[in-house]
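Reckoned from all heavy atoms, side chains included, excluding hydrogens, waters and symmetry mates. Order of the sequence lines fixes the chain letters, A, B, ..., with proteins taken first and strands second; residue numbering starts at 1 for each chain.
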There are 2 protein chains.
Amino acid sequence: MSAKPVSLKVLAARLGLTVGTVSRALNGYKDISPVTRDRVKRAADEMGYRPNQTARRLSLGAPETVCYLMPRYSSSIAQPFVAQLLQGLGEALSKRNWDLLVSHAESSKEELAQIDRLVRSGRVGGLVISRPLKNDPRIRLIQDLKCPFVVHGRTASSDDYAWYDVDGDAAFVEAVNHLVGLGHGDIAFVGAPLQYQFAQDRLNGYERAMLGNGLTLTREYTQIADFSDEGGEIATNMLLDLPKPPTAIVCVSDTMALGALAAIRERGMVPGQDISVIGYDGLKFGTHANPPLSTMAQPQAHAGRRLGDMLLSIIDGDDPTKHQELQRAYLLRRKTDGPLHLAEAGSIVSEREELQ
Amino acid sequence: MSAKPVSLKVLAARLGLTVGTVSRALNGYKDISPVTRDRVKRAADEMGYRPNQTARRLSLGAPETVCYLMPRYSSSIAQPFVAQLLQGLGEALSKRNWDLLVSHAESSKEELAQIDRLVRSGRVGGLVISRPLKNDPRIRLIQDLKCPFVVHGRTASSDDYAWYDVDGDAAFVEAVNHLVGLGHGDIAFVGAPLQYQFAQDRLNGYERAMLGNGLTLTREYTQIADFSDEGGEIATNMLLDLPKPPTAIVCVSDTMALGALAAIRERGMVPGQDISVIGYDGLKFGTHANPPLSTMAQPQAHAGRRLGDMLLSIIDGDDPTKHQELQRAYLLRRKTDGPLHLAEAGSIVSEREELQ
DNA sequence: TTGCGCTCCGAAACCGGTTTCGGTTAGCGT
DNA sequence: ACGCTAACCGAAACCGGTTTCGGAGCGCAA
């Protein structure tokens, strides 16, 4: 249809006005008479005028763009939440016609350099980062750069910035309590590297709940492995090789839990019956696991929209520390959690039931 | 560290030069003496100068940005490929410091309006679209807009633009042939709405292979349903309710195949034994299905990079029709494909064998 | 009639870069 | 000594918008 986009200049020329006048007319300035304003607006969408955003943003001094820093994955299976998050973010931003950029770096150093370029070059007015480390160098950098940002997750000291997180600590307390309620006492933890704050949080919840239930923490029952299904499988194999293997396992993520199920099935045992497993994330494909994976679920779709709204209001000048949202996970029982089988653990069960 | 970004003006002032000179020095013009060029460059990265991209792009008249139009999903389980694609795209674009924008629309009309705004406002210099319909209105719009683009997938008439696709037709021929080789003859197809070209392609392959093996096509053996795991389950239930249910099913995607497995298990049958199932996509989580899903796999990570490179060279002036890449899927045998079981279907089976 | 204020629009500066054009200086040959 | 050329840099236009400032035109009251 239209070859070249129509600029403000040609629109003004066609109307016999100056560009300044046309611009003000379109932007609803009140020093323009209603009749010319209408005339301008009509001509504008007759000619299909779209203001050049690059020029507009340069003039405004605001990029009207935010960037999502895609997390690096060890396993390709761990990615489904990205699309949902992007969708939610886009939804929030589109209300103001802001743009959503995505950036992906191979290494941590590269990522820092990229962040620096991104904000120093004025391309973005805000950042969203996922899955921070305990002490994440990106956050200090962004703070130094004085660029508005929100974090999907938290770091060790999360007081002075905005974040949206799910309470992993509380979730694992609930998971462990649930298992204890089912009669389990030998509960193990399959975790991810503790440089990730979320991994630490969930481990904390696990330990707190164990202690709270009068159970003892065994070093061998805490297995840290690569954050992937393979990692979950390896960790679980370690557990099953123990002289006294656990009767239940809580996993730091659904992905790792999938690996745990594989390891268990491999030995001819059936998850949820011979040994219980609870994951974390509530990913949809858990329903198709073997057997369907019980998990601590969370409202994923919500996160993107909330993060987007938070970031926008911070850019508007809000105090970042006012935007800290802790969501609660809920237990989604499917088929991998079950009562302790009396047949094979005998006396131990009765002891525990007395305790409760 | 640095509060406000340093502009070309202050850099020039500090050097006692004009902005034009500094700009040319940094951009390697040869009408600048080597000594001042070095002096400028040194000062530039001493002061941490980063050219304002918004201004630069306005001046250049090129947005140096491409946009990926996120597909709309009926089921949240179908999204894992998005993150991989974005990663690949970003990788290709970052070689030139181009930006990657993502856009998501709720409805088709909205999407068209968004595309129009996106290119008419000069924000993007290229587009990537996924999973086109047979006759996709987006493509005509983008062509009218004269905006460079590449398609991840194809439409019914795909001669006049650039695309990257996997040969779904050939893949389903291979899948059906494989099943026939295992002794199956009553092979059904679980598909997605035929408005999607990929759904039609795969159906074509299925039908061609059936005919090619001397098998007859039955209307009831072709079940079209919603493109989701639930859809796959519903379709499979229809098939299993048939007076003469199929002994093997090929599914248009892994997601739908997961639903098929669920329906089969629901009736106490075991996939890969009582009835064979082959999916399509090769998604990682298929290994954790019950049982592990056999599928037509494809090199996912490759797609993003290729699409990015293609788009870039088209923007550089290449003929789009020179960039049409058809990838080949390969059979990934896991546990849901198996030989036809004569033993357990009793009379029904013998009937069937007579018919054949 | 003069003066005042209000309405409405034109002119121009500005955002931060890029690029063209022209002029100064130095170096060279004769 | 003169002129010519080449090397080097300054000045200014430009990209396409936004926004401030000032002035023309008008109505109204003194």
Carboxylate-amine/guanidinium contact Arg96(B) Glu64(B), below 4.0 Å: no
Considering every strand and a 4.0 Å limit on heavy-atom distances, what is the contact class for Ser23(B): base, sugar-phosphate, or nothing? base
Assign each of Leu58(B) and Thr21(B) the nucleotide of DNA chain C bearing its closest heavy atom; nearer the 5' end lies the nucleotide of Leu58(B)
Using chain A heavy atoms and a threshold of under 4.0 Å, write down where along DNA chain C the contacts begin and end, 5' to 3'. dC8(C) to dG16(C)
Using a 4.0 Å heavy-atom cut-off, does Gly61(B) contact any base of the nucleic acid, only the sugar-phosphate backbone, or nothing at all? nothing
Charged N to carboxylate O under 4.0 angstrom, Glu111(A) versus Arg72(A)? yes
Separation of Arg123(A) CZ from Gln53(B) CD (nearest 0.5 Å): 4.5 Å
If you look at every heavy atom in Leu112(A) and Leu141(A), which pair is closest and at what distance? O-CD2, 3.4 Å
Nearest-nucleotide 5' precedence on DNA chain D, Tyr29(A) against Lys9(A): Lys9(A)
Hey, can you pull the residues of residues 34-52 of chain B with a non-hydrogen atom under 4.0 angstrom from DNA chain C? Tyr49(B), Pro51(B), Asn52(B)
Along DNA chain C (nearest heavy atom to each residue), the more 5'-positioned of Asp31(B) and Val19(A): Val19(A)
Hey, which of these two, Ser59(A) or Gly16(B), hits DNA chain D nearer its 5' end, going by closest nucleotide? Gly16(B)
Any donor-acceptor N or O pair under 3.5 Å, side chains Asp318(B), His323(B): yes
Can Asp99(B) and Arg57(B) be counted as an ion pair, charged N to O under 4.0 angstrom? yes
Tell me if a side-chain donor or acceptor on Asp136(A) pairs with a main-chain N or O of Arg138(A) at a distance below 3.5 Å. yes
NA contact type, Arg57(B), heavy-atom cut-off 4.0 Å: base, sugar-phosphate, or nothing? nothing
Do the numbers put Arg131(B) on top of the ring of Phe198(B), so that NZ or CZ is under 6.0 Å from the six-membered ring centre and no more than 45° off the axis? yes
